[in-house]
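We count ligands from 1, going down the list as the structure has it; atoms in each ligand are counted the same way.
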Amino acid sequence: VPAVTAATGPASATARPKGRDPLAFDPDAHTTLTASVVTDEGEKTVTYRFFKAIPYVAEPVDLTYQTLNVSVPVAVDGHPVDATRAPILLSNAVGGYMPSSTAGATGISLNRPNPPLALAAGYVVVEPGARGRTLVDADGTYYGVAPAAVVDLKAAVRYLRHNEGRIPGNTDRIVATGVSAGGALTSLLGATGDSRSYEPYLRALGAADASDAIFAAAPYCPITDLEHADMAYEWNWGGNPLAGGSPVDQSLSRELRGQFAEYQASLRLDGRGGFGRLTARNYDTYLVSTYLEPSASRYLAALADDDRARYLAANPWIDWNGHRASFAWADFLTHVGARRKNVPSFDAFDLSTPENNLFGRGTTRARHFTPWSLRKATGDDRARLDADLREQLGLMNPMPSLARRNPHRARHWFIRVGTKDSDTSLTVVGNLAAALENLGDDVDAFMYWDGGHGVNLDAPDFIDWVGRVCR
Ligand code: DHB
């Protein structure tokens, strides 16, 4: 018997059965809808194909969350659109690290600006759901805690790339976006593309065997770098004595603030524009000159003369030379006023924050995830974090992947946060942007003047940016 024939026998016996691909996109499974979208150029009527609640993993845990919707424009104001090779906007709606379902949606989301504007620009819009921290099964097990949400979004990316050529849009031009916790997850998608650390989680869900690298990432006010967020928060907002109406414990604040210097030094990041090494001592100067003054300048320049005069009269701490605003960090902090969160902001002693819950495990709803809070809360100076937390924190933080120069990271970034957003430290965006800039990536980072948590004040610019970088 020739050796070659033996190869076909046993090999075919062990090959996977050639059944239907459970993750094949069905191009016919859509309804045709219309949306009216207010753009820079007036209101547009967009006709689009809506593909609803498609499971993006073969072995889902919860189909309320592990599905995605696809919206494909076919005409704008009656003019045909061909989205076959268009950019794909992957827009998650996660907030507060809570579960996020898009399964019941009857069309594209109209309640945030990016999805409808992207559709009207001729892009494909994909809206994935994801598990979140509060989900508990009948046994009391928390099945949406870290890293479930980022694993789900990666599985959604893999689904899209697995369907290259079947699904409308260019799967090599996936642009992820999201706000706050959704911005943090967006940063993770961008920074950790194709990281092997998520592989066991993806495999357990039957995620498609495809790349989860994305082309570009657009996080808005990402609530990320969580294990360093308490120290960063006190560095940034610690001088503001009130959280809501109550005074903040200044000695705890000072203790945390002291830790920030060491952490910031460990990042070894250089500021934009030849600023040099970013430290706890110069970061206020850096934020003022690189982000805050340009932000105020753009804001003031865009105001009508009498509005600008009124704003400057109400804010005499701002020096306006006719083109540029300048001011001191301390005055900026006074202007922002009461901080949003108490001390510690993220790893609370009473385990009451969203992040304590995010780092729950099994039937434990919430855990400490910093040694400092764990030790303060327990009164045990030698208490140690649960052993699994090192991995979980790593899976939820984009900074280590950037420090490792992950070659499969997104190379184009659009990063935004409001200057009055005290949900986390402004250094979170500063450091994310600096890490990417230091790697030579294409970064458009900007802070919206007087913007609060979650704002998106230049959506048309973002849509143009997507078109430019995806060309
Ligand atoms: C969000 C806000 C927070 O202050 C936080 O700690 C986590 C998430 C959010 O809006 O998604």
Protein residue, atom and distance nearest to [atom], heavy-atom basis:
{"atom": "atom 8 (C) of ligand 1", "value": "Gly96 CA, 3.5 Å"}
{"atom": "atom 3 (C) of ligand 1", "value": "Asp423 OD2, 3.4 Å"}
{"atom": "atom 5 (C) of ligand 1", "value": "Glu355 OE2, 3.2 Å"}
{"atom": "atom 1 (C) of ligand 1", "value": "Ser180 OG, 3.0 Å"}

Counting only N and O atoms by type, is there a donor-acceptor contact under 3.5 Å from the side chain of Asn236 to the main-chain atoms of Leu426?
yes
Is it true that a side-chain atom of Asn69 and a backbone atom of Thr102 form a donor plus acceptor pair closer than 3.5 Å?
yes
Phe359 and Phe369 aromatic centres sub-6.0 Å
yes
Distance-only N or O hit between ligand 1 and Tyr97, under 3.5 Å:
no
Within a distance under 4.0 Å of any heavy atom of [X], pick out the atoms of ligand 1 and give their elements.
{"X": "Phe346", "value": "6 (O)"}
{"X": "Gly95", "value": "11 (O)"}
{"X": "Ala181", "value": "8 (C), 9 (C), 11 (O)"}

Audit row: Trp235, Gln264, side chain to side chain donor-acceptor pair (under 3.5 Å) steps and yes/no
CA-CA 11 Å; Trp235 177 88; Gln264 188 60 42; over 6 Å; no
So how far is it from Thr177 OG1 to Phe414 CZ, rounded to the nearest 0.5 Å?
8.5 Å
Nearest-0.5 Å distance that lies between atom OH in Tyr233 and atom CZ in Phe260
14.0 Å
Is the closest heavy-atom distance from Lys341 to ligand 1 below 4.0 Å?
yes
Is there a heavy atom of His453 sitting under 4.0 angstrom from any atom of ligand 1?
yes
Testing the 3.5 Å rule here: is there a donor-acceptor pair between the side chains of Asn163 and Tyr56?
no
